[in-house]
Amino acid sequence: AGVLLREGVAEKVEVAPALPTLAETHLHDEAVLGARLLHETLELVLMGRVASCADLPHAVLSTHCWPELTKLLSDHLAYPVVAFDAFLQKGDCDEQLANDFCKGLTHQPRSHVPKPYFGRGPGPIMGQLLREMANRDDDHRRVGGQRLTLPGGEDVRFSQRALNSVMIAIWCCAGAESCR
């Protein structure tokens, strides 16, 4: 079992054997959707339907899973689905989308979100959002704060959530100069 490559195109795609293991390690429905998104995206890449890293966002948009995922999770506080969808469609999200997501996740009214929350550093806003949220727990603890939690008290642990990890990986790959 495996993937046989011939001239950069998979002759036989067998992504599925590893994905049940990934999905079984994460019991949240959102993690299962993340595994499906990864599976469908990898199949497109291995079948040669993604010519370059720059084509990866379009490939993600063409998966069967993405419309379902956006419908189910656009309002979920722990997943930046709306901002990520803007990145997939337009090449980046805007500061307003990034700020709105962070405001919801940090339980901060708009007046308490540092201005500008994004746009301070180099690089795309989507990358700044992913970096800020992935580092937020560690950075916050160092200054005596508490971990980010959802309204019910569940720790967010942003980058440890499977779907967020998949979105981070896709964002990184889409910005790479080469898929090899």
Side-chain angles (χ1 to χ4, degrees), residues 8-10 13 15 19 22-23 26 28-106 108 110 113-136 148 150 156 158-180:
V9 177
V13 176
V15 176
L19 291 174
L22 173 67
H26 297 78
H28 284 259
D29 291 341
E30 297 89 6
V32 174
L33 283 172
R36 279 185 50 212
L37 179 62
L38 180 62
H39 178 183
E40 290 181 31
T41 303
L42 286 174
E43 277 189 335
L44 292 171
V45 169
L46 293 172
M47 292 186 318
R49 295 189 184 153
V50 179
S52 72
C53 296
D55 295 335
L56 195 55
H58 183 267
V60 172
L61 289 170
S62 74
T63 63
H64 297 291
C65 168
W66 187 250
E68 176 186 354
L69 198 147
T70 57
K71 182 179 178 185
L72 293 173
L73 299 176
S74 287
D75 294 329
H76 197 292
L77 294 177
Y79 305 102
V81 173
V82 173
F84 197 75
D85 190 60
F87 154 72
L88 294 172
Q89 293 188 40
K90 301 175 190 171
D92 201 2
C93 67
D94 60 36
E95 289 182 34
Q96 183 68 46
L97 285 175
N99 276 312
D100 288 348
F101 173 75
C102 292
K103 176 184 66 176
L105 185 57
T106 60
Q108 298 289 326
R110 182 151 188 80
V113 174
K115 278 294 223 174
Y117 207 96
F118 294 97
R120 297 180 296 198
I125 300 298
M126 189 71 224
Q128 292 180 48
L129 181 153
L130 295 171
R131 181 184 62 239
E132 175 71 26
M133 292 298 100
N135 293 335
R136 180 78 179 206
L148 289 174
L150 295 175
V156 171
F158 183 84
S159 62
Q160 294 178 24
R161 291 180 174 263
L163 176 57
N164 286 340
S165 295
V166 170
M167 287 190 287
I168 290 168
I170 290 168
W171 183 83
C172 290
C173 291
E177 291 181 17
S178 171
C179 292
R180 296 179 192 257

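Along the sequence shown, residues are numbered consecutively beginning with 1. Everything quoted here is computed from the prediction, not taken from an experiment.
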To the nearest 0.5 Å, how far apart are CH2 in W171 and CG in L88?
12.5 Å
If every non-hydrogen atom of S74 is compared with every non-hydrogen atom of V81, which pair is closest and at what distance?
OG-CG1, 4.1 Å
Judged by atom type as modelled, is there a donor-acceptor pair below 3.5 Å linking the side chain of T41 to the main-chain atoms of L38?
no
Using the rule given for side-chain contact (heavy atoms from CB on, under 4.5 Å), can you reason through L129 versus E132, listing the C-alpha separation, both sets of side-chain angles and the distance that settles it, and then say yes or no?
CA-CA 5 Å; L129 181 153; E132 175 71 26; 5.9 Å; no
Looking at every non-hydrogen atom in both residues, tell me the closest pair between F87 and P57 and how far apart they are.
CZ-CG, 4.3 Å
Can you list the steps and then say if L163 with L33 is a side-chain contact (heavy atoms from CB on, under 4.5 Å)?
CA-CA 7 Å; L163 176 57; L33 283 172; 5.5 Å; no
Is the backbone N or O of H64 less than 3.5 Å from a side-chain atom of E40, with the two atoms forming a donor-acceptor pair by type?
yes
dist Q128:CD -> M133:CE (nearest 0.5 Å) comes out at 11.5 Å
So, for P80 and M167, which heavy atoms are closest and what is the spacing to 0.1 Å?
CD-CE, 3.7 Å
On a heavy-atom basis, which atom in F101 and which in L77 lie closest, and how many Å separate them?
CE1-O, 3.1 Å
Short side-chain to backbone donor-acceptor contact, N164 and S159, under 3.5 Å:
no
How close do D94 and I125 get, heavy atom to heavy atom, and via which atoms?
O-CG2, 3.9 Å
Please test I168 against F84 for side-chain contact (heavy atoms from CB on, under 4.5 Å), starting from the C-alpha separation and ending with a verdict.
CA-CA 10 Å; I168 290 168; F84 197 75; over 6 Å; no
Considering all heavy atoms, the nearest L56-C173 contact:
CD2-CB, 3.6 Å
Nearest 0.5 Å, please: how far is CG in L44 from NE2 in H39?
9.5 Å
Please report the interatomic distance CD1(I170) to OG(S165), rounded to the nearest 0.5 Å.
11.0 Å
To the nearest 0.5 Å, what is the distance between CG (L69) and OH (Y79)?
9.5 Å
Spatial distance of atom CG (L46) from atom CG (L42) [nearest 0.5 Å]
6.0 Å
In sequence, state the C-alpha distance, the side-chain angles, and the governing distance for H76 and L150, and then conclude on side-chain contact (heavy atoms from CB on, under 4.5 Å).
CA-CA 10 Å; H76 197 292; L150 295 175; 4.2 Å; yes
Any donor and acceptor pair, going by atom type alone, linking the side chain of D55 with main-chain N or O of S52 inside 3.5 Å?
yes
